[in-house]
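Read the structure below first, then the notes.
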Number of protein chains: 2
Amino acid sequence: MATLKDIAIEAGVSIMTVSNVINGKHSKVSDQTITSIQELVKKYNYVPNLSARSLSKKSSKLIAIFINSYEAKQNLFKDPYISELFGELESLIRQSGYYAIIRSVETVENVSTILHNWNVDGAIFISQQPKEAMNEILEHSKCPIVFIDSYNNDNPKAIMVGVNDYKGGYIATKYLISNGHRKIAFAGCYSETNEIVSQRYQGYRKALEESNIPYVEENLINTFTRYEDGINIGRDMANHNYDVSAVFAAADLLALGIIEGARINGCVVPNDLSVIGFDNLDLCSLVTPKLTTVSQDVKKKAESAVNLLLDAINQVDIPSQNITLDVQLEVRQTVQKKV
Amino acid sequence: MATLKDIAIEAGVSIMTVSNVINGKHSKVSDQTITSIQELVKKYNYVPNLSARSLSKKSSKLIAIFINSYEAKQNLFKDPYISELFGELESLIRQSGYYAIIRSVETVENVSTILHNWNVDGAIFISQQPKEAMNEILEHSKCPIVFIDSYNNDNPKAIMVGVNDYKGGYIATKYLISNGHRKIAFAGCYSETNEIVSQRYQGYRKALEESNIPYVEENLINTFTRYEDGINIGRDMANHNYDVSAVFAAADLLALGIIEGARINGCVVPNDLSVIGFDNLDLCSLVTPKLTTVSQDVKKKAESAVNLLLDAINQVDIPSQNITLDVQLEVRQTVQKKV
DNA sequence: TTGTAAGCGTTATCAA
DNA sequence: TTGATAACGCTTACAA
């Protein structure tokens with residue numbers, strides 16, 4: 001591998017002159033030497049050693065993408081929402097001239113180690129982090145970090161990108177109610193620490209309340225959000241283990257599973273059961289019946305995350321640290337008027 | 001950030017002593033100093049600067065994962081097979097003490113630049129590469145590279161991991177024939193350069209030939225392999241644009257799309273049409289009817305790739321450079337005896 | 001058991 | 001416009 005030194009020697013100039021040409025500081029070099037050096041660069045296929053550059057500049061052009069190691073003991077990349085988001089992020093990072101290092105993490109220590117190991121310029125978390133973890137991570141790091149889909153109002157260092165989960169839960173439930181449903185289940189991975197789902201759930205509760213529909217505890221179905229989990233719930237619905245005419249599922253995959261599980265057991269959506277999902281995966285408009293769902297714009301989410309991060313890296317003044325993207329209802333075919 | 005120097009000063013020893021402790025070369029340091037240094041390491045949360053280490057060791061502990069930028073103008077991570085494979089690879093790389101850098105690439109030059117920029121120890125391609133691209137990449141790189149799902153018999157430097165695509169096409173078609181089908185379509189992204197699909201196709205042809213079934217050119221359906229592409233094909237099948245009673249689709253997603261497209265248009269699988277897919281995604285056994293498919297073991301594929309790569313990095317003698325994993329037929333519910 | 005010196009490839013700083 | 005020098009944080013090789 002050719003180095004600056006090699007080229008400098010062959011060109012009969014100093015290393016710094018070559019370095020300046022490489023870095024486009026043309027004001028500091030004569031046109032003559034520029035062209036002669038550029039030829040040599042081409043001839044030897046010179047590419048800068050980024051470890052060396054990183055060492056000397058104290059900035060690596062690396063962005064770390066972190067993801068939780070497992071959920072339900074499963075490769076998280078099997079989740080189509082996560083994969084799509086990841087693909088968009090990678091693409092944007094590359095187009096911005098950065099390099100993406102991907103890392104699944106189990107503990108908080110893992111994170112700061114990586115951050116310092118590689119002198120990364122910034123980081124993005126693509127799966128939700130509990131508030132305590134966020135605070136600990138932020139405390140130990142000096143580079144900006146964007147958290148996607150996390151909630152934390154207390155820490156000013158936290159840069160967050162998310163969607164209006166509360167509104168999502170609200171409009172979905174409202175829509176079911178406006179279609180005459182009053183017995184509505186909420187299905188999702190509900191827990192104190194899962195703010196996303198809590199928010200969607202709060203929106204659901206609010207909509208019920210506004211219509212004076214009494215809340216029924218049994219209608220909160222706490223579950224993982226994989227397709228197979230939905231299958232089980234759909235089966236239970238078909239078997240009338242729940243007294244509901246509609247379900248709001250906090251993830252499309254879960255909703256699709258519910259529909260399938262119900263169908264297998266003789267309960268047809270939307271005739272016998274109305275279902276709304278969340279995410280608006282491509283799949284929603286391809287299956288039958290097409291899934292009515294709360295849509296979020298994954299591309300925009302990725303863009304917002306990368307833009308915020310780059311602004312923070314470049315110390316651009318950011319109007320607001322956080323971005324909450326809007327959601328909207330995609331009305332399709334899985335909700336029917338209750339007669 | 002604490003450095004070796006900081007710790008050395010505080011401990012009143014030389015940098016090298018600290019370095020030796022960090023690297024576990026305990027034979028070279030007295031027990032006393034070891035413990036005192038280890039305390040300081042903990043106190044200052046010392047983590048080694050891997051850029052510096054990489055620079056001086058000429059090895060980075062980085063493994064690059066490459067993927068083609070786009071297919072059908074689409075984020076490739078939307079493909080569940082790719083995502084799952086990627087997730088497994090990331091996990092294995094991490095567990096092996098390496099760091100994964102992910103990069104989508106458009107041109108061959110991109111690749112060698114990254115390889116040299118970061119001094120990566122090895123690389124893995126997770127989407128199929130044409131032979132010429134492989135050769136060019138290998139020529140310009142000195143680190144070992146594993147190609148998943150690529151075909152190249154000519155280049156001894158190429159390390160390849162794949163599945164027996166030919167056999168997959170063969171057993172799928174054979175199974176359809178044994179169920180009385182004689183008019184069988186092949187659907188896939190067929191082209192001269194797409195060896196995977198060509199192999200599956202050759203297997204299909206071979207099976208037809210063995211049963212003296214004349215080959216019908218119209219039954220080769222050349223298509224992208226997304227769900228939505230399948231929808232269109234299924235519709236055409238329902239409308240009898242093809243004179244077939246069965247389809248072998250070169251990807252599960254495509255097969256599922258075909259089934260759905262057919263169903264929407266009044267053609268029920270397996271009663272009116274038999275379908276076999278390829279990959280054995282989790283989804284196959286969750287949908288109705290459950291998809292009969294040629295299964296490949298994605299986890300094993302990822303393991304094979306990482307193991308071969310690590311062996312090559314560590315110069316372990318490898319019995320064979322290449323691994324071809326077996327495939328088998330998963331008989332489920334989408335093939336019916338033709339009456 | 002401990003330490004010294006040189007070098008990895010680059011950039012920043014300052015001098016010529 | 002060009003170059004010399006030091007520095008980034010670490011490891012290798014060798015000396016004490």
Side-chain angles (χ1 to χ4, degrees), chain A residues 1-38 40-41 44-62 99 113-121 142, chain B residues 1-38 40-41 44-62 99 113-121 142:
Chain A
M1 279 303 87
T3 66
L4 286 185
K5 197 176 171 189
D6 299 333
I7 294 189
I9 291 173
E10 176 136 355
V13 298
S14 78
I15 293 180
M16 272 320 293
T17 308
V18 182
S19 173
N20 283 327
V21 173
I22 300 284
N23 291 294
K25 301 185 178 169
H26 288 182
S27 63
K28 301 190 156 192
V29 191
S30 76
D31 288 354
Q32 256 194 2
T33 45
I34 288 179
T35 47
S36 78
I37 287 172
Q38 278 173 338
L40 290 172
V41 165
Y44 289 111
N45 275 318
Y46 169 82
V47 293
N49 179 323
L50 297 184
S51 292
R53 184 177 281 175
S54 161
L55 189 58
S56 140
K57 297 233 290 192
K58 293 184 159 300
S59 141
S60 60
K61 286 282 169 185
L62 280 172
Y99 302 86
T113 303
I114 299 287
L115 257 29
H116 294 133
N117 266 335
W118 286 107
N119 235 301
V120 305
D121 290 350
K142 50 190 199 325
Chain B
M1 279 305 85
T3 65
L4 287 187
K5 197 176 168 187
D6 299 334
I7 294 189
I9 291 173
E10 176 134 355
V13 298
S14 78
I15 292 180
M16 271 321 295
T17 310
V18 182
S19 172
N20 282 328
V21 173
I22 300 284
N23 291 295
K25 301 185 179 170
H26 288 183
S27 63
K28 303 189 154 194
V29 191
S30 75
D31 287 355
Q32 255 194 3
T33 44
I34 288 181
T35 47
S36 78
I37 287 173
Q38 278 172 339
L40 289 172
V41 165
Y44 288 111
N45 274 319
Y46 170 81
V47 291
N49 179 323
L50 296 185
S51 294
R53 185 178 281 175
S54 159
L55 190 58
S56 89
K57 297 234 290 192
K58 294 182 159 300
S59 141
S60 59
K61 286 281 168 189
L62 281 172
Y99 302 86
T113 303
I114 300 288
L115 257 28
H116 294 133
N117 265 335
W118 286 108
N119 235 302
V120 305
D121 290 351
K142 49 189 198 327

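Values below: all heavy atoms of this structure, side chains included; hydrogens, waters and symmetry mates excluded. Below, chains carry the letters A, B, ... as their sequence lines are ordered, and counting in each starts from 1.
To the nearest angstrom, C1' of C:dT10 lies 13 Å from CG of B:N49. One interatomic measurement links the two molecules: NZ of B:K61 to C1' of D:dC10, which rounds to 16 Å at whole-angstrom precision. Here the P atom of nucleotide D:dT5 and the NZ atom of A:K5 are 14 Å apart, to the nearest Å. B:N119 has its CG atom 10 Å from the C1' atom of C:dC8, to the nearest Å. Residue A:K58 contributes atom NZ, which lies 14 Å from atom C1' of D:dA6 at whole-angstrom precision. In this entry the distance linking CG of B:L50 with P of D:dC10 reads 9 Å, nearest Å. If you take NE2 of B:H116 and P of C:dG9, they are 13 Å apart, rounded to a whole angstrom. Spacing between atom CD1 of A:I7 and atom C1' of C:dT10 amounts to 13 Å, rounded to whole angstrom units.
Listed candidates were D:dT2, C:dG7, C:dT11. Nearest to the side chain of A:N23 is C:dT11. Relative to the side chain of B:R53, the nucleotides D:dC10, D:dG3, C:dA12 differ in distance, and D:dC10 lies closest. Listed nucleotides C:dT2, C:dT10, D:dG3 differ in distance to B:T33; the shortest reach to its side chain belongs to C:dT2. Side chain of A:T3, nearest nucleotide from C:dT2, C:dG9, C:dT11: C:dG9. In this structure, the nucleotide among D:dT2, C:dG3, C:dA12 sitting nearest to the side chain of A:K57 is C:dA12.
The shortest heavy-atom contact between A:H26 and A:I34 is CG-CD1, 3.6 Å. For the pair A:K58 and A:N119, the tightest heavy-atom approach, listed with the atom from each and the gap, is O-OD1, 3.9 Å.
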* To do: Would you please test B:D6 and B:Y46 for side-chain contact (heavy atoms from CB on, under 4.5 Å) and show each step?
  => CA-CA 10 Å; B:D6 299 334; B:Y46 170 81; over 6 Å; no
* **Derivation and outcome, side-chain contact (heavy atoms from CB on, under 4.5 Å), residues B:N49 and A:L55** => CA-CA 8 Å; B:N49 179 323; A:L55 189 58; 3.9 Å; yes
* To do: Start with the C-alpha gap between A:W118 and B:L62, add the side-chain angles, then the distance that decides, and say whether side-chain contact (heavy atoms from CB on, under 4.5 Å) holds.
  => CA-CA 11 Å; A:W118 286 107; B:L62 281 172; 3.7 Å; yes
Taking only nitrogen or oxygen atoms into account, show me every contact under 3.5 Å that the protein makes with nucleotides 13-16 of chain C, one pair per line with its distance.
none

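Scored by the side chain to side chain donor-acceptor pair (under 3.5 Å) test, B:S60 finds no partners at all (sequence neighbours excluded). In this view, A:I15 and A:L4, A:K5, A:A8 satisfy the side-chain contact (heavy atoms from CB on, under 4.5 Å) rule, not counting sequence neighbours.
Residue A:S14 has a polar side-chain atom (N or O) positioned under 4.0 Å from OP1 or OP2 of D:dG3. A sub-4.0 Å separation between OP1 or OP2 of D:dT2 and a side-chain N or O of A:K25 is absent. Distances shown here put a side-chain N or O of B:S19 below 4.0 Å from the OP1 or OP2 atom of D:dT11. Here A:S30 does not reach the OP1 or OP2 of D:dT1: none of its side-chain N or O atoms lies under 4.0 Å away.
Among the heavy atoms of the strands lying under 4.0 Å from A:S27 are primed sugar atoms or P, OP1, OP2 only; no base atom is included. Using a 4.0 Å heavy-atom criterion, one finds that A:I15 contacts the bases of the nucleic acid, with or without backbone contacts as well. Contacts of B:S51 with the nucleic acid, taken as non-hydrogen atoms under 4.0 Å apart, are absent. Among the atoms of the strands shown, none is found under 4.0 Å from any heavy atom of A:S54. Heavy atoms of B:N20 sit nowhere under 4.0 angstrom from any nucleic acid atom.
Looking only at atom types and distance, the side chain of B:S54 has no donor-acceptor partner in the side chain of B:S51 under 3.5 Å away. A donor-acceptor pair shorter than 3.5 Å cannot be found between the side chains of A:T33 and A:S36.
Mapped onto DNA chain C by nearest heavy atom, A:A52 and B:T17 fall at different nucleotides, with B:T17 at the one closer to the 5' end. If you find the closest nucleotide of DNA chain C to B:D31 and to B:L55, the one lying nearer the 5' end belongs to B:D31.
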